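All remarks here apply to the structure that follows.
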Amino acid sequence: FLARPGAVVGAAIIVVFVVLALLAPILAPFEPDRMIFTAVEVPPGPGHLFGTDDLGRDVFSRVLYGARISLQVGLIAVGIAMTVGTVLGLLAGFLGGWLDSVVMRTMDVMLAFPGILLALAIVAILGPGLFNTMIAVGVAAIPVYARTARASTLAVLELDYVVAAKALGARWPRIAFRYVLPNITAPIIVLATVGVATAILSAAGLSYLGLGAQPPTPEWGAMLSDARSYLRSAWWMATFPGVAIMLVVMGFNLLGDGLRDV
């Protein structure tokens with residue numbers, strides 16, 4: 001892993017943002033929702049490192065607190081998709097038969113929709129909000145994990161240690177979760193690493209459309225949505241949240257590529 005500079009850079013970027021998110025209450029000079037009416041649309045400078053927005057809120061503070069929200073959304077959404085998708089794929093591949101057909105055909109139907117469109121439909125049903133965004137992004141990503149887990153399970157079932165476990169009379173739940181599951185986690189972990197980046201982008205897109213985090217939550221996508229009317233007069237309002245999204249997504253992609261190579 002250390003021999004791959006891109007992976008190391010990606011890991012370093014993620015560590016930096018995790019540290020910034022954890023230390024946001026200490027590093028942020030202002031509360032993210034504090035409005036300073038005497039400092040509206042102030043450009044970046046000593047008093048406000050990233051400037052202020054149209055309501056006088058410190059952009060640097062909001063970007064720091066936004067890191068908490070975006071990373072949380074990405075990790076929880078991927079956790080939902082990885083857990084449900086892996087279990088479904090494992091059972092479909094291990095048990096086969098009608099269960100395999102039902103699960104895979106359901107996944108095919110879900111894959112027929114673009115991920116962001118499926119997430120939009122789920123949010124439209126559940127209603128806007130940060131929690132519903134996590135569920136929508138997570139559910140939309142389930143098919144990818146299910147198909148990966150099923151393919152890996154079918155390959156592992158042919159190996160000698162699984163055949164030996166069956167010959168010793170082990171029950172199928174023990175074989176599936178004790179012998180098969182630990183040996184299909186490598187591709188799923190790599191997929192999850194890259195999936196966090198996709199989840200952050202999807203959540204930011206939903207928030208930009210007004211279906212994700214609601215005001216005054218300092219979420220990066222919502223900040224971009226608020227800043228779109230001020231691109232000419234206050235460029236910093238959109239620039240810094242946009243750069244934060246770009247760096248985090250790039251970091252997870254580089255890390256995922258490195259883990260895949262390893």
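These numbers come from a predicted model, not from an experiment. In this chain, residues are counted from 1 in sequence order.
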Using every non-hydrogen atom in the two residues, find where [X] and [Y] come nearest and quote the distance to one decimal.
X	Y	answer
N132	G127	ND2-O, 2.8 Å
M110	P143	CB-CG, 3.6 Å
L154	G93	CD2-O, 3.5 Å
G195	Y145	CA-OH, 3.9 Å
G85	A149	O-CB, 4.3 Å
A197	F252	CB-CB, 3.7 Å

Would you say that more than 12 heavy atoms from the other residues, nucleotides or ligands in this model lie under 6.0 Å from the CZ of F131, or not? no
Other residues, nucleotides, ligands: >12 heavy atoms within 6.0 Å of F1 CZ: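 Atom CZ in F1 is packed in, count exceeds 12.
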If you look only at pairs with a residue in [range], which of them pass as a side chain to side chain donor-acceptor pair (under 3.5 Å), with sequence neighbours excluded?
range	result
residues 185-200	none
residues 67-85	none
residues 149-176	D100-R150, Y161-N183

For [range], which residue pairs qualify under salt bridge (charged side-chain N to carboxylate O under 4.0 Å, His left out), counting only residues two or more places apart or in two chains?
range	result
residues 30-49	D33-R62
residues 221-247	none
residues 199-218	none

Is there a side-chain contact between [X] and [Y], using heavy atoms and a 4.5 Å cut-off?
X	Y	value
L181	I184	yes
V137	V73	no
V156	Y179	no
V63	M223	yes
L91	V103	no
R4	V262	yes
V194	N253	yes

Output yes when a side-chain donor or acceptor of [X] lies under 3.5 Å from a complementary backbone atom of [Y], and no otherwise.
X	Y	result
S207	A222	no
S202	I116	no
T52	V42	yes

[atom1]-[atom2] distance between [X] and [Y], expressed to the nearest 0.5 angstrom:
X	Y	atom1	atom2	result
D54	S233	CG	OG	9.0 Å
M104	L111	CE	CG	9.0 Å
T133	L211	OG1	CG	7.5 Å
L255	I13	CG	CD1	10.0 Å
M82	I188	CE	CD1	8.0 Å
M134	I69	CE	CD1	8.5 Å

Would you mind writing out the side-chain donor-acceptor pairs for residues 239-248 within the sub-3.5 Å range, not counting sequence neighbours?
residue, atom, partner, partner atom, Å
T239, OG1, W235, O, 2.7

Applying salt bridge (Lys or Arg N to Asp or Glu O under 4.0 Å) to D53 and not counting sequence neighbours gives R57
Report the residues that fulfil salt bridge (Lys or Arg N to Asp or Glu O under 4.0 Å) with R105, sequence neighbours left out, ordered by chain and then residue number.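 For R105 the salt bridge (Lys or Arg N to Asp or Glu O under 4.0 Å) partners, ignoring immediate neighbours, are D108.
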May I ask whether [X] and [Y] are part of the same hydrophobic cluster, defined by side-chain heavy atoms of I, L, V, M, F, W, Y residues being less than 4.5 angstrom apart, directly or through others?
X	Y	result
V16	V9	yes
L90	L99	yes
V180	L168	no
V40	M35	no
L2	L254	yes

Donor-acceptor pairs under 3.5 angstrom involving side-chain atoms of residues 17-29: please list them, not counting sequence neighbours.
none

Mind jotting down which residue pairs meet the ring pair (Phe, Tyr, Trp, His ring centres under 6.0 Å) criterion with at least one end in residues 18-38? Sequence neighbours excluded, please.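 Applying ring pair (Phe, Tyr, Trp, His ring centres under 6.0 Å) to every pair that reaches into residues 18-38, excluding sequence neighbours, yields F30-H48.
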Taking only residues at least two apart or on different chains, which pairs with a member in residues 54-90 satisfy ring pair (Phe, Tyr, Trp, His ring centres under 6.0 Å)? F50-F60
Set out, in order, the CA-CA distance, both residues' side-chain angles and the distance that settles side chain to side chain contact (heavy atoms under 4.5 Å, CB included) for Q214 and L130, then state yes or no. CA-CA 7 Å; Q214 300 298 301; L130 194 59; over 6 Å; no
Might you work through the side chain to side chain contact (heavy atoms under 4.5 Å, CB included) test for L209 and V123, ending with a clear yes or no? CA-CA 11 Å; L209 296 173; V123 170; over 6 Å; no
